[in-house]
2 protein chains.
Amino acid sequence: MNKQSIKLSVDAVVFGYEEGNISVLLIKRKYAPYKGKWAIPGGFVLNNESLEEAVERELHEETGIKISYLEQLYTFGNPSRDPRGRVVSIAYFGLVRPNAFQIFASTDAEQAQWFDIKELPELSFDHREILDIAIKRLQGKITYEPIGFELLDKKFPFSDLEKLYTTLLGRDIDRRNFRKKIVGLNVLDELDEKISKGSGRPAILFKFNQKRYFQLKKEGIIFEI
Amino acid sequence: MNKQSIKLSVDAVVFGYEEGNISVLLIKRKYAPYKGKWAIPGGFVLNNESLEEAVERELHEETGIKISYLEQLYTFGNPSRDPRGRVVSIAYFGLVRPNAFQIFASTDAEQAQWFDIKELPELSFDHREILDIAIKRLQGKITYEPIGFELLDKKFPFSDLEKLYTTLLGRDIDRRNFRKKIVGLNVLDELDEKISKGSGRPAILFKFNQKRYFQLKKEGIIFEI
DNA sequence: ATATATTTGCGTATAAAATACACATAATGA
DNA sequence: TCATTATGTGTATTTTATACGCAAATATAT
């Protein structure tokens, strides 16, 4: 048997959510193959780092952002997925607030940029497939796990949470029933403050009850919106 | 940067279900490390085969069984998981009827054997962790996807299906409500035959309606038993 | 042959959850 | 002060899940 000559890489699909928009962080490749094309950030795993360390490092090197929790998505190993030779890639994904990060390209990336999920450029390698699988997973995830804590302001009106869900689910939900459900989970603490943005009745501000929130995440609620 | 020297392997967690027992297929390692110890079947990926080809090949080589659908489970990449050096392993899992296969050990395996899931031997590498994750996944899977077609006889009494579920879930279910639910899914065709095994009223035989069954699998029903 | 044990087959009542739906309130701006 | 806009709330209906018990058809023991 010939010696194994397979390279191992990691890729990070980082979604950004903000005010009704979902975006994904891409880099423009500085070197061949696919030089000048957009791609999901990622790169080769070093010999002595864990996969998680690798994906966080690559993401940081190429885009300047540092994310401490990325979830493993899937491993892509089609023998012809990389023109340079056999490369198997372990894809991770995460969801963040784009404005919480200053992005700047470096190392293998000529540029790093958020793209609206509906206006994606052509992607390198099999990255379009990876992204499609990540989107599916994101949609599934939201129905069995509470999401939001990391994506909203510390204090937020209920409508922000509602918008988050309609955006991620890609469809309308009944405002009253949604509120009842969330309130029933006891995951929100009502504050004494109100916020008024433009016309309309001012909204009460809420914050997440961290303890309860992480407890729910752990339990893995089923959350039929 | 040093050249990457990471090896890539695949592992197959194959569960067997039969008459109220869940087992898992293990091999006894012929060579060091962990020589003589039990392990999940698996091995290194060849340069030109896909990951799925690799895992099916290794499983066949080591245990003699040929399974065409294994689902990707998770990728394990802890730098110290293998004493020989850095080995990243992509684990797959599947569920079969043990008696449908003739197992025989070869290549790296000194022996291949089904173990009851409650009477597992000590395992090599991080295989215990892999197995635990596979078990969790199996339990989750059964609640959002119909399972059974591949695990029961072509014609079977309802009680066989019931036993399958109680076994995989590890708890009792209400016989009447379970039957109502399954019948409501229209996934079974009632036959004109009956079967009598020992004492008790003879049972009507059913078969799965293949078309409907695979449609449900595809749709991904949520199936609160 | 009769009684007993065993397994299958089935229906109904109750509780819980999901859904559908409309109007009052508190602000802004013309 | 009137129109507009966004927020906040309750109730009725439908659907789904759960709880629960008894009759039918067979084998086995007496």
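Every chain is numbered from 1, with letters handed out A, B, ... down the list of sequences.
Over its full length, the helix from C/dA1-D/dT30 to C/dA30-D/dT1 turns its helical axis through 0°, comparing axes from the five pairs at each end and rounding to 10°.
Rounded to a whole Å, the NZ atom of B/K197 is 19 Å from the C1' atom of D/dT28. For the pair A/E193 CD and C/dA27 P, the interatomic distance rounds to 15 Å; values are reported in whole Å. Atom-to-atom, CG of B/D160 to P of C/dT7 comes out at 13 Å; the value is rounded to the nearest Å. The distance from atom CD1 of A/I204 to atom P of D/dA6 is 18 Å, rounded to the nearest whole Å. B/R201 has its CZ atom 6 Å from the P atom of D/dA25, to the nearest Å. For the pair B/L205 CG and C/dT8 C1', the computed distance is 12 Å after rounding to whole Å. Rounded to an integer number of Å, the gap from CZ of B/F156 to P of C/dT7 is 20 Å. Atom CZ of B/F206 is separated from atom C1' of C/dT8 by 10 Å (rounded to the nearest Å).
A sub-4.0 Å separation between OP1 or OP2 of C/dT8 and a side-chain N or O of B/S159 is present. An OP1 or OP2 oxygen of C/dC10 is reached within less than 4.0 angstrom by a side-chain nitrogen or oxygen of B/R179.
Counting non-hydrogen atoms of other residues, nucleotides and ligands closer than 6.0 Å to NZ of A/K136 gives a total of 12 or fewer.
Between A/R176 and A/S196, the residue anchored nearer the 5' end of DNA chain C, judged by the nucleotide with its closest heavy atom, is A/R176. Residue A/D174 is the one, among B/G198 and A/D174, whose nearest nucleotide of DNA chain D lies closer to the 5' end (criterion: closest heavy atom).
Ring pair B/F208/B/F156 is tilted by interplanar angle, where 30° to 60° counts as tilted. Between B/Y165 and B/F178, the ring planes lie tilted relative to each other; the angle falls in the 30° to 60° range. Ring planes of B/Y74 and B/F76: perpendicular class, angle over 60° (limits at 30 and 60°).
Applying salt bridge (Lys or Arg N to Asp or Glu O under 4.0 Å) to B/E193 and the options B/K155, B/K154, B/K207 leaves one that passes, B/K155.
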Could you walk me through whether B/E150 and B/K217 pass salt bridge (charged side-chain N to carboxylate O under 4.0 Å, His left out), step by step? CA-CA 13 Å; B/E150 307 83 349; B/K217 274 218 164 172; 3.4 Å; yes
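Taking only side-chain atoms of A/R175, from C-beta outward, the nucleotide of D/dT26, C/dC10, C/dA22 with the closest atom is C/dA22. In the set D/dT5, D/dA17, C/dT7, D/dA17 carries the atom at the smallest distance from any side-chain atom of B/K181.
Side chain of A/Y17 to main chain of A/L164: a donor-acceptor pair is present (N/O by atom type, distance under 3.5 Å, no hydrogens or angles).
Taking a cutoff of 4.0 Å between a charged side-chain nitrogen and a carboxylate oxygen, B/E122 and B/K37 qualify as a salt bridge. Salt bridge A/E71/A/K141: present, at least one basic N to carboxylate O contact under 4.0 Å.
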Short heteroatom pairs, N/O only, protein and nucleotides 12-14 of chain C, under 3.5 Å:
{"from": "C/dT12", "atom 1": "O4", "to": "B/K180", "atom 2": "NZ", "distance (Å)": "2.6"}

